[in-house]
Amino acid sequence: MPPILQHLQQATKMMSRRKILLLVLGCGTLSLLIHQGAQLSWYPKLFPLSCPPLRGSPPRPKHMTVAFLKTHKTAGTTVQNILFRFAERHNLTVALPHPSCEHQFCYPRNFSAHFVHPATRPPHVLASHLRFDRAELERLMPPGTIYVTILREPAAMFESLFSYYNQYCPAFRRVPNASLEAFLRAPEAYYRAGEHFAMFAHNTLAYDLGGDNERSPRDDAAYLAGLIRQVEEVFSLVMIAEYFDESLVLLRRLLAWDLDDVLYAKLNARAASSRLAAIPAALARAARAWNALDAGLYDHFNATFWRRVASAGRACVEREARELREARERLLRRCFGDEPVLRPAAQIRTKQLQPWQPSRKVDIMGYDLPSGGAGPATEACLKLAMPEVQYSSYLLRKQKRRGGVRARPEPVLDNPPPRPIRALPRSPQGH
């Protein structure tokens, strides 16, 4: 064989060996990345999200300052948990209530920056219950903070309020046999404006948003229009609980977050035995009529929500919501077993995951960790399902230590659940 051909043959063999070596190294590296990523990420980030950014808009860094107005019985605890976990992952400061306020910012009083624990100021994130006060929040939160909140269909929300706060709200306690139908048949017979926890029995959304829950749009339509304008001036996004996953897609896009950042486990959910399977149409109409201010708010922001979805592209929002649900299912199986189920508190072995029970008549469900787990992945799963009271207490201790405030060191897995909040005592006395 001529020397030139021998040289070419040798060169070809060397190139083939290099290609094989590079292919083996590449496959090994990819396998390692996938293995490690399984511990940290639940979404295949090699593929782009369904909803691309607007044309001509440059990539944005993740937005780090968020104030979430946590309304009552609207899936707000689940949103709060998303924000708490994001803050922990990025070493952000979370505004938390002073101990005298328990785990809410002295609700139902109007919010004041004085209610915030000094070890949690200045904050990047705020997500605990409060009654909205724009001036006080702007005094606390840094410039550029994005404000978001969530609303729920008023009839479904009122059924949840009636069940959850039945032992604490005097208007509800007066009703014979704890009958929602009896209350809505003649609400004025049981309701007393201004008494303790009266806001849970009338236009709770309007009250949480800082409005006057005693106003009626039937008597004063201008008041509802003015309240809507005030909300629109402050809140960049009003999510809708009935379309939770679509709401999270819009939230992710607003904040330039990853899909991983908005994965969640459903928290503070009642057992089927503690809620109505379906609200009869007549009862729903009565609930909306009694809570007419809330109904007006919801109807307006539900319409603006879908206009926003249309602007983003409804098809791509729906695809991304489907991707979110699929990634969430993978995450729940990884954390809580092949068939993750919500359990009654009595069946949850992990103390830090036992949800607080508002009364003997209402069962709040939660998740439990499989036995034998340990390490960073277990702690991440623990935080995913950690109830509000325990997570708030844990974050406060952690931020105290970070700020040099002396606190008893307690591992998150071994910390016993905190005592019930004083704002909602277990016995009806004292009202």
Side-chain angles (χ1 to χ4, degrees), residues 70 72-85 87-88 94 96-97 99 101-104 107 127-129 160-161 163-168 263-275 328 331-398 407-427:
K70 185 176 186 284
H72 285 84
K73 312 314 298 173
T74 59
T77 301
T78 302
V79 179
Q80 178 193 57
N81 180 272
I82 290 171
L83 295 172
F84 279 1
R85 288 183 288 117
E88 270 208 279
V94 178
L96 294 167
C101 294
E102 296 296 342
H103 73 286
Q104 305 182 9
Y107 187 93
S128 299
H129 277 305
S160 183
L161 287 164
S163 168
Y164 196 89
Y165 293 109
N166 194 270
Q167 300 299 303
Y168 311 111
L263 295 180
Y264 66 94
K266 188 176 182 180
L267 299 180
N268 208 34
R270 289 175 295 160
S273 59
S274 300
R275 65 179 188 268
R328 174 179 177 266
L331 171 57
L332 293 179
R333 287 195 298 271
R334 191 74 64 93
C335 280
F336 308 117
D338 291 337
E339 295 184 3
V341 293
L342 288 165
R343 305 172 184 274
Q347 296 180 17
I348 298 174
R349 300 181 306 272
T350 309
K351 290 183 177 180
Q352 272 295 80
L353 297 184
Q354 293 173 354
W356 182 75
Q357 305 297 303
S359 74
R360 293 185 182 91
K361 297 181 179 180
V362 179
D363 291 325
I364 303 300
M365 311 286 278
Y367 288 98
D368 200 5
L369 295 175
S371 58
T378 298
E379 183 165 321
C381 293
L382 182 83
K383 303 289 181 57
L384 178 71
M386 187 175 286
E388 173 183 12
V389 179
Q390 288 96 314
Y391 209 157
S392 297
S393 298
Y394 164 74
L395 283 176
L396 181 57
R397 290 193 305 276
K398 181 177 180 179
R408 178 165 54 96
E410 294 176 295
V412 63
L413 281 167
D414 299 329
N415 175 50
R419 65 189 185 279
I421 56 175
R422 285 197 296 269
L424 294 178
R426 287 193 179 276
S427 60

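Just so we're clear, the structure is a prediction, and the values are computed from it rather than from any experiment.
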Contact check, side chains of [X] and [Y], non-hydrogen atoms, under 4.5 Å:
X: N81; Y: Y264; result: no
X: Y367; Y: P340; result: yes
X: S393; Y: H103; result: no
X: R343; Y: Q354; result: no
X: K383; Y: Y394; result: yes
X: K351; Y: Q390; result: no
X: P344; Y: D363; result: no

For I364, is there any backbone N or O sitting under 3.5 Å from a side-chain donor or acceptor partner on Q357?
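Judged by distance alone, yes, a pair lies under 3.5 Å.
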
State whether the side chain of S359 and the backbone N or O of K361 hold a donor-acceptor pair below 3.5 Å, judged by distance alone.
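At least one qualifying donor-acceptor pair exists.
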
Lys/Arg N to Asp/Glu carboxylate O, E339 vs R333, below 4.0 Å
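Salt bridge absent between E339 and R333.
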
With a 3.5 Å cut-off and no angle check, do the side chains of E88 and Y391 form a donor-acceptor pair?
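Checked: E88/Y391 side chains pair up, N/O donor to acceptor below 3.5 Å.
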
Distance, nearest 0.5 Å, that separates OG1 of T350 from CE of M386:
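The distance works out to 10.0 Å.
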
Please round to the nearest 0.5 Å and tell me the distance separating atom CG of L353 and atom SG of C381.
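Taking CG in L353 and SG in C381, the distance rounds to 10.0 Å.
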
Verify side-chain contact (heavy atoms from CB on, under 4.5 Å) between R85 and L384, making sure each step is shown before the conclusion.
CA-CA 8 Å; R85 288 183 288 117; L384 178 71; 3.6 Å; yes

Testing the basics here: between [X] and [Y], what is the closest heavy-atom pair and its distance to 0.1 Å?
X: A87; Y: V94; result: CB-CG2, 3.4 Å
X: C335; Y: P370; result: O-CD, 3.1 Å
X: T77; Y: K70; result: OG1-NZ, 3.1 Å
X: P355; Y: G366; result: CG-N, 4.3 Å
X: L369; Y: L382; result: CD1-CD1, 3.8 Å
X: L342; Y: A269; result: CD1-CB, 4.4 Å

Does the pair L395 and F84 meet the rule for a side-chain contact (heavy atoms from CB on, under 4.5 Å), with working shown?
CA-CA 8 Å; L395 283 176; F84 279 1; 3.6 Å; yes

Any chance you could lay out the side-chain contact (heavy atoms from CB on, under 4.5 Å) test for N268 and Y164, step after step, and finish with the verdict?
CA-CA 11 Å; N268 208 34; Y164 196 89; 3.8 Å; yes

Name all residues meeting the side chain to side chain donor-acceptor pair (under 3.5 Å) criterion together with S163; count only those two or more places apart in sequence or in a different chain, and write none if there are none.
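For S163 the side chain to side chain donor-acceptor pair (under 3.5 Å) partners, ignoring immediate neighbours, are R270.
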
Set of salt bridge (Lys or Arg N to Asp or Glu O under 4.0 Å) partners for R349, sequence neighbours left out
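Once residues adjacent in sequence are excluded, the partners of R349 under the salt bridge (Lys or Arg N to Asp or Glu O under 4.0 Å) criterion are D368.
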
Please walk me through it: do H72 and Y107 pass ring-ring contact (aromatic ring centres under 6.0 Å, His included)?
CA-CA 11 Å; H72 285 84; Y107 187 93; 4.5 Å; yes

Worked check of side-chain contact (heavy atoms from CB on, under 4.5 Å) between Q80 and S128:
CA-CA 7 Å; Q80 178 193 57; S128 299; 3.6 Å; yes

